[in-house]
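The next block holds one structure in the form of structure tokens; read it before the comments.
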Amino acid sequence: MHLRRLAASIALGALALAGALGITSGAGPGLDPDSMSYLNAANTLAKGSALRDVDRDWTSVDSTMPLSHWPPGYPIAIASAERLGFGPMGIARALNAIAAFVTVGVISWLVAIEVSTGAGIIAGLLVMVTPVVVQVHENVLSEPLFIALLVLALATMLRVPARPLISGTLAGLASIVRYAGLSVVAGVVLWQFLRAGTLRDRVVRAMTAAIPAIVLQALWVFRTVHKAGPRSIREISFYGELGPTLREGWGTVSAWFLPGMSEQWATSLALAVAALLAFGIWKALPRRWEQLPSLAPALLAVSYAALLLVSRLVADLTIPLDDRLMAPLFILLEVALVMIIAPAWRTWPNIVKVPVAMLVVLWWAAAIRVSSDSARYAVRSGNDLAERCWRDSPLVAWVRAHGEGHALYTNVPEALYFHAGRLSHEFPDERDAQTADAFADTLARRNALIVEFNDSCYSVDEPDSLLDSLPLREVTSMPTGRVLAPSAPAPDTFRVRRP
């Protein structure tokens with residue numbers, strides 16, 4: 001029986017690994033704007049320097065700064081393989097594939113051990129085709145590695161509860177891959193405290209689980225304050241906006257409830273799922289809480305959701321409650337649902353079993369359709385900044401051919417980084433006369449070029465109001481944008497050319 005469960009889990013994990021490699025083939029893994037920070041930090045570390053982020057500020061003389069906005073775990077993982085001679089994009093693909101193998105394989109094995117082999121297979125298949133899970137594995141992002149660590153922490157919470165240092169270490173590692181991993185630390189610590197024992201035993205277990213995260217976070221905070229200074233620390237304040245926050249979050253949740261369908265239908269399904277949850281919990285109530293494996297993923301899910309909400313309200317109003325950020329929450333909820341429903345399945349009447357089975361099959365089919373469409377687009381056209389429009393941009397090609405020796409200022413620094421291999425700065429946010437004069441002087445002194453993309457690839461910030469007020473001359477113009485240079489006192493290096 002144990003070998004059968006292990007074999008099924010390995011098979012599902014291998015299928016997920018192959019799928020992750022497949023959806024990052026063709027156009028390659030998708031390139032999110034955050035990917036630029038991850039890859040640059042990994043590249044600078046691999047070359048023997050330090051973790052350096054891209055500095056886009058127009059006033060900065062340097063094009064990089066100490067990494068601080070993002071935690072170091074993901075760049076360190078890429079840099080470690082880079083030092084062995086592998087390319088960063090290939091490393092990102094491999095990390096996503098390995099993470100997919102771990103996530104699906106461990107979930108399938110864990111649910112099979114805790115509930116049944118059939119439940120484990122169902123849980124693995126549900127997670128594997130969940131659209132948001134597929135989407136984060138398409139791109140160069142830290143989520144796949146974070147999710148794998150989250151699932152490993154969950155597995156050790158249930159399988160080796162008497163070893164809090166193990167689950168605590170995995171939670172600590174998750175917290176330096178994504179700051180949201182602090183919720184995993186909180187969940188693991190709370191789990192150890194709630195387990196049976198004297199008050200002293202509970203406190204010792206909880207503190208033991210917290211030690212790895214405390215050490216890792218303290219080292220990172222000390223390094224960040226020392227290298228980047230106080231500007232790297234987020235300003236904590238109550239930003240409010242609770243209503244819009246909840247509406248945005250519900251929009252993401254509704255897309256998970258009913259993949260590819262409207263939010264109105266998702267509301268009805270949410271009520272049905274809530275009723276099924278209540279029914280399943282009621283059937284499982286006679287058991288002691290520690291014997292309910294579903295409580296572990298549920299506890300982590302609550303911790304994660306609470307951290308997202310608090311972070312949005314008091315730390316950063318721009319944190320989007322989108323698919324990427326909610327993917328770990330949905331995985332935990334899916335695992336909890338299977339662990340709640342499966343043990344009570346045999347006691348349910350057929351009038352309940354039939355619609356539940358139909359609901360699962362229909363959801364799985366809808367999820368496959370949405371995920372397949374997403375994967376096909378990622379392979380054929382490329383996601384975000386890996387899209388063909390950016391890869392084949394004549395403006396980017398011009399910069400590759402003629403931009404050497406010039407500082408670059410642009411409204412899409414990521415496009416130049418990924419496809420021209422150049423670091424660049426953004427334009428000033430201010431539009432007052434004093435800033436415009438200072439910006440014009442900076443352009444002239446640095447023999448700079450302005451590379452302005454239009455919205456032919458996707459909607460971008462077009463700073464016409466700022467550029468029109470500056471002494472600039474057009475170097476070249478093309479369908480995807482234009483290149484400008486200071487008209488004086490910079491030397492007349494280029495002739496004005498039009499297509």
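Please read these numbers as outputs of a predicted model, since none were measured by experiment.
The shortest non-hydrogen separation linking S37 to D53 is OG-OD1, 2.7 Å. Here the closest non-hydrogen pair linking Y304 and L325 is OH-O, 2.5 Å. Of all heavy-atom pairs between Y377 and N383, the closest is CD2-OD1, 3.7 Å. The heavy-atom pair separating A153 from S167 by the smallest distance is O-CB, 4.1 Å. Looking at every heavy atom in both residues, A485 comes nearest to V475 through CB-CG2, 3.6 Å. For the residue pair M157 and G187, the shortest heavy atom distance occurs at CE-O, 4.2 Å.
Under the salt bridge (Lys or Arg N to Asp or Glu O under 4.0 Å) criterion, D373 pairs with R376, not counting sequence neighbours. With sequence neighbours excluded, no residue forms a side-chain hydrogen bond (donor to acceptor under 3.5 Å, both in side chains) with W58. Partners of N454 under the side-chain hydrogen bond (donor to acceptor under 3.5 Å, both in side chains) rule, at least two apart in sequence or in another chain, are S456. Residues meeting the ring-ring contact (aromatic ring centres under 6.0 Å, His included) test with Y458, sequence neighbours left out: W390. A search for ring-ring contact (aromatic ring centres under 6.0 Å, His included) contacts involving H425 returns Y409, not counting sequence neighbours. Partners of T59 under the side-chain hydrogen bond (donor to acceptor under 3.5 Å, both in side chains) rule, at least two apart in sequence or in another chain, are D57.
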Report the C-alpha separation of V184 and F146 in whole Å, then their side-chain angles, then the decisive distance to 0.1 Å, and conclude whether the side chain to side chain contact (heavy atoms under 4.5 Å, CB included) test is met. CA-CA 10 Å; V184 186; F146 170 74; 4.1 Å; yes
Stepwise, does the side chain to side chain contact (heavy atoms under 4.5 Å, CB included) test hold for V136 with D323? CA-CA 8 Å; V136 297; D323 292 343; over 6 Å; no
Using side chain to side chain contact (heavy atoms under 4.5 Å, CB included), reason through L449 and H402 one step at a time and then give a plain yes or no. CA-CA 10 Å; L449 294 176; H402 305 289; over 6 Å; no
Test side chain to side chain contact (heavy atoms under 4.5 Å, CB included) on V399 and E404; report intermediate values, then the result. CA-CA 8 Å; V399 172; E404 189 68 28; over 6 Å; no
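The side chain to side chain donor-acceptor pair (under 3.5 Å) test with R52 is passed by exactly one of N43, T44, D62: D62.
R223 places a side-chain heavy atom less than 4.5 Å from the side chain of L51. At least one side-chain heavy atom of S25 sits less than 4.5 Å from a side-chain heavy atom of V379. A 4.5 Å side-chain heavy-atom check between L467 and L470 finds at least one atom pair inside the cut-off. Contact of the F418 side chain with the L39 side chain is registered, since non-hydrogen atoms from C-beta on lie closer than 4.5 Å. Counting heavy atoms from C-beta outward, L300 and L150 have side chains that approach closer than 4.5 Å. With a 4.5 Å cut-off on side-chain heavy atoms, L154 and I107 do not count as touching. No side-chain heavy atom of M128 sits under 4.5 Å from any side-chain heavy atom of V133. Contact annotation: the side chain of L408 never approaches that of Y417 to less than 4.5 Å [non-hydrogen atoms, C-beta and beyond].
Here the OG-CG distance, from S142 to L95, works out to 11.0 Å after rounding to the nearest 0.5 Å. The structure places CD of E138 at 12.5 Å from CG of L31, a figure rounded to the nearest 0.5 Å. Distance CG/L308 to OG/S303: 11.0 Å, rounded to 0.5 Å. The line from CG of N40 to CG of L67 is 9.0 Å long, rounded to the nearest 0.5 Å. Distance CG/L385 to CG/D32: 7.5 Å, rounded to 0.5 Å. The CD atom of E426 sits 8.5 Å away from the OG1 atom of T410 when rounded to the nearest 0.5 Å.
Not a single donor-acceptor pair under 3.5 Å links the side chain of W220 to the backbone N or O of I176. Not one N or O on the side chain of R445 forms a donor-acceptor pair closer than 3.5 Å with the backbone of A440. A distance-only check finds no donor-acceptor pair linking the side chain of S108 to the backbone of V104 [under 3.5 Å]. The backbone N or O of N447 sits less than 3.5 Å from a side-chain atom of H406, completing a donor-acceptor pair. Within the 3.5 Å criterion, the main-chain N or O of L395 finds a donor-acceptor partner in the side chain of S393. Using a distance-only test at 3.5 Å, with no hydrogens or angles considered, a donor-acceptor pair links the side chain of R93 to the main chain of T24. Between the side chain of N411 and the backbone N or O of F453 there is at least one donor-acceptor pair closer than 3.5 Å. The closest donor-acceptor contact from the side chain of S374 to the backbone of V370 lies at 3.5 Å or more, if one exists at all. Side-chain atoms of N96 come within 3.5 Å of backbone atoms of N139 as a donor-acceptor pair (strictly under, hydrogens ignored). S371 contributes no side-chain N or O that, together with a main-chain N or O of I368, makes up a donor-acceptor pair within less than 3.5 Å.
Salt bridge absent: R446 and D441 never bring a charged side-chain N and a carboxylate O closer than 4.0 Å. For E414 and R56, the salt-bridge test passes: some basic side-chain N is under 4.0 Å from an acidic carboxylate O.
No more than 12 heavy atoms of other residues, nucleotides or ligands shown are found within 6.0 angstrom of CE on M207.
Under 3.5 Å, the side chains of T435 and D432 contain a donor-acceptor pair of N or O atoms. D55 and S60 form a side-chain donor-acceptor contact under 3.5 Å, judged by distance and modelled atom types alone.
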